[in-house]
Protein chains: 2
Amino acid sequence: MRGIARLARELGVSTATVSRALNGNPNVNAETRQKVLEAAHRQGYAPNQAARSLAQGVTRSVGFMIELDPENTAGTDYFFMGVLEGMQNVLVGQGLDLFVLPCARAQDNFVFLQRIASRGVVDGMILAETRRIDQRIELLQSSHIPFVTLGRSDSGRDYSWIDLDFEGVVATAVDRLVGFGHRRIAVTVPTGDANYGPIFEQAYRDNLARHGLPYDPDIVLKAGRREDEGDAIVDHLLSRPDPATAVILFHEVTAIGVYRRLDQLRLQPGRDLSIIGCRSEDAVRFLAPEITCFHLSLQDLGSAAARALLAQLPSSARREPVEHVQQRMPLTLVPGKSDGPRIG
Amino acid sequence: MRGIARLARELGVSTATVSRALNGNPNVNAETRQKVLEAAHRQGYAPNQAARSLAQGVTRSVGFMIELDPENTAGTDYFFMGVLEGMQNVLVGQGLDLFVLPCARAQDNFVFLQRIASRGVVDGMILAETRRIDQRIELLQSSHIPFVTLGRSDSGRDYSWIDLDFEGVVATAVDRLVGFGHRRIAVTVPTGDANYGPIFEQAYRDNLARHGLPYDPDIVLKAGRREDEGDAIVDHLLSRPDPATAVILFHEVTAIGVYRRLDQLRLQPGRDLSIIGCRSEDAVRFLAPEITCFHLSLQDLGSAAARALLAQLPSSARREPVEHVQQRMPLTLVPGKSDGPRIG
DNA sequence: CCGGCTACTGTAAGCGCTTACAATTGCGGT
DNA sequence: ACCGCAATTGTAAGCGCTTACAGTAGCCGG
């Protein structure tokens, strides 16, 4: 005999009493509770989680699904650790455990989630890197599992998401560059099927329009998350008959290549080409001149996601249907020296 | 009625048969199995994991405990992502799930593990960042939970660990510097109570001795994992009456500060001070001149840990006591331009 | 002295699954 | 016709915990 049953026998009480004492049920004599707690502690007793969740139907834990991308390990930069902290900050307060569930290969993400989402592992899910069209959303909805995504998808359905305020970033960046007198403002947009590409590009178009500037697809460049893409960006932009005088970089690391190539051409960031990055990344912290970029609180992002999930978890009396949170996290501009007045 | 029972009723068979069919038990008529699998698929049936583990006593999953350090988010991402990949590469093949368990605050790591380690969550654990004296090791041993640590501890007990071959790194670095004619070789050692500090320092002493060089505590500097610590390192080393001509940096990011300060002093890495980093980190990828450092395959590290854990998991007939793996992962020298012959 | 109340504890029925064991069937061999 | 055996399926007992419900005891007011 083991677990609660052994404790019960040794103390000469029923398993029900032990269970109650351990779970803080008020219907237990203070003295009895004391005895139980002591014995439990003495024996290093820890409840079997599987039995617990089976009996209660909840696990008191939430999952955070991330995808491992062999192409791009370095790429995640310091994103997740900050986000995890933010999540934990709100989850531990609720007595919830966080399980990060890394999916081995991005392609397998659907079956992976299907397996994990089967009742009994977690009470809710947070998904990272939502795609434009993401089957996982429907899967979770049809399984009636509470979830939140980090990133919007194109699903028309109503669900909770937290995303970065790309619209705000682009608006601020364009305003700033236009204020500096720039009129040929290039932009790089991410490759891949994450949904922020189109969002970013759309924001770019909208903001050019707001300033009455024409949209020229020739200075909208696809670029991945590798610093050496920066070289090609410079070459392309400056080789135009009507060269861009400023560029907004979606992936900030590409700035490294941009700086390098400019240097080779004896050109100077901020003077010969104004550069604004979109989310400060570790790798560019040491560029000189400092890059103008946007700062994001990863902790806030994580906390927001966790809170949005909490709001959906069964809890104290909640009759009315859950409210879905759809929130864009603001980023703050950190002015550097990589942009400035247009010359010539 | 739900789960397996519903399937069983609809198909007019017993739950036992359904369970057997689903689990690939050979004692099921091929036709019956087919029917069951079809029905299960049609209904999107997924087994309740809690019930499964309760009945079987195993969870088919392993945990990887990491500690969140608000001081030090950057950089760790890069590390963990690579390691996770390596782990997944071996775990998915075995049908095991990996749960990353982030502990909110490093101080709470013991109670955190105690809670998680209670039977029923994972079958085994991998611990990151083992301390010199780490209670978690005894906890896991007394709970009879298979585990592996990333990093040695001072525990005399026999258990599985995977660590970096700091001894090899230091030996190679010292040999190289001595070969360049250096005799005053400084070193930085990490702050904090992780166990690699003392190991590193001991290796340093041993290797100096091997070359008949004196050990001078004055050029053994504590340094954390922040680039700006590099400035102080330079100032200290060069202000000595007998300045060091070379330095081995435990935390490679400090090289950024070192480069910066040298630059301010109009000195040059590789000529005025030879610098060797210990493990290539993302942040220093773009330093010029390139830093001489050591490359570690994070994937290999992760795979090794996962394999060491697998070896302990109950499986096919294994009567003899498990063998504990104690393995130091080799790092390979990547020569750069940050070190060279001693001048003067 | 009794009914009813509060405070506590015990009994036992699950939670959804696995699995040892029993039961059934159909077969070939004698 | 009967036995033994293999193949297949069913029965039911858990796995360790929670919890509705049913006691039991002590107390009060009437």
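Sequence lines set the chain letters: A, B, ... in the order given, protein chains first and strands last, and positions in each chain run from 1.
Gly3(B) comes within 4.0 angstrom of the backbone, heavy atoms only, and of no base. Nucleic acid contact for Ser19(B): base, since at least one base atom lies under 4.0 Å from a heavy atom of the residue.
Ring orientation note: the planes of Phe99(B) and Phe99(A) are close to parallel, at an angle under 30° on the 30°/60° scale. Using cut-offs of 30° and 60° for the angle between ring planes, the Phe64(A) and Phe80(A) rings count as perpendicular.
Residues from residues 5-12 of chain A placing a heavy atom under 4.0 Å of any atom in DNA chain D do not occur. Against DNA chain C, the stretch residues 36-50 of chain A makes no heavy-atom approach under 4.0 Å. Contact check of residues 25-34 of chain B against DNA chain C (heavy atom, cut-off under 4.0 Å) returns no residues at all.
Across Gln312(B) and Val148(B), no two heavy atoms sit closer than the pair NE2-CG2, 3.7 Å. Here the closest non-hydrogen pair linking Asn195(B) and Ser153(B) is ND2-N, 3.6 Å.
Between Ala55(A) and Ala51(B), the residue anchored nearer the 5' end of DNA chain D, judged by the nucleotide with its closest heavy atom, is Ala51(B).
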Generate the contact string for nucleotides 20-25 of chain D. Rules: B means base contact, S means sugar-phosphate contact only, - means no protein heavy atom under 4.0 Å. B-----
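Taking Ser303(A) as the reference, nothing meets the side-chain hydrogen bond (donor to acceptor under 3.5 Å, both in side chains) condition, with sequence neighbours excluded. Listed by chain and number, the residues in a side-chain hydrogen bond (donor to acceptor under 3.5 Å, both in side chains) with Gln327(A) amount to none (sequence neighbours excluded). When the ring-ring contact (aromatic ring centres under 6.0 Å, His included) test is applied to Phe112(A), no partner is found at least two apart in sequence or on another chain.
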Residues 50-58 of chain B side chain polar contacts: donor-acceptor under 3.5 Å, at least two apart:
from, atom 1, to, atom 2, distance (Å)
Arg52(B), NH2, Asn23(B), OD1, 2.4
Ser53(B), OG, Gln49(B), O, 2.6

Under 3.5 Å, which donor-acceptor pairs link side chains of residues 27-41 of chain A to any protein atom two or more places apart or in another chain?
from, atom 1, to, atom 2, distance (Å)
Asn29(A), OD1, Glu31(A), N, 2.7
Arg33(A), NH2, Asn25(A), O, 2.4

Between Glu129(A) and Tyr196(A), is a side-chain contact (heavy atoms from CB on, under 4.5 Å) present by the stated rule, with each step listed? CA-CA 9 Å; Glu129(A) 287 255 15; Tyr196(A) 38 66; 3.8 Å; yes
I would like to know whether Leu101(B) and Asp97(A) meet side-chain contact (heavy atoms from CB on, under 4.5 Å); could you show each step before the answer? CA-CA 8 Å; Leu101(B) 309 166; Asp97(A) 279 324; over 6 Å; no
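Each end of the helix from dC1(C)-dG30(D) to dT30(C)-dA1(D) gets its own rotation axis from five pairs of C1' atoms, and the angle between them is 60° to the nearest 10 degrees.
For residues 6-16 of chain A, every residue pair satisfying the side-chain hydrogen bond (donor to acceptor under 3.5 Å, both in side chains) rule, not counting sequence neighbours, is listed here: Arg6(A)-Gln43(A), Glu10(A)-Gln43(A), Ser14(A)-Thr17(A).
Atom CD of residue Gln326(A) and atom OH of residue Tyr159(A) lie 7.5 Å apart, to the nearest 0.5 angstrom. Taking OG1 of Thr149(B) as the reference point, atom CG of Asp134(B) lies at 8.0 Å (rounded to 0.5 Å).
You'll find the side chain of Leu310(A) reaches within 4.5 Å of the side chain of Leu96(A), heavy atoms only. Residues Asp300(A) and Met329(A) form a side-chain contact, since some pair of their non-hydrogen atoms from C-beta on lies under 4.5 Å apart. With contacts defined as side-chain heavy-atom distances shorter than 4.5 Å, the pair Asn109(B)/Arg131(B) qualifies.
Arg132(B) has no carboxylate O lying under 4.0 Å from a charged side-chain N of Asp193(B), or vice versa, which leaves the two without a salt bridge.
Counting 5' to 3', DNA chain C first comes under 4.0 angstrom of a heavy atom of chain B and last does so at the ends given by dG16(C) to dA20(C).
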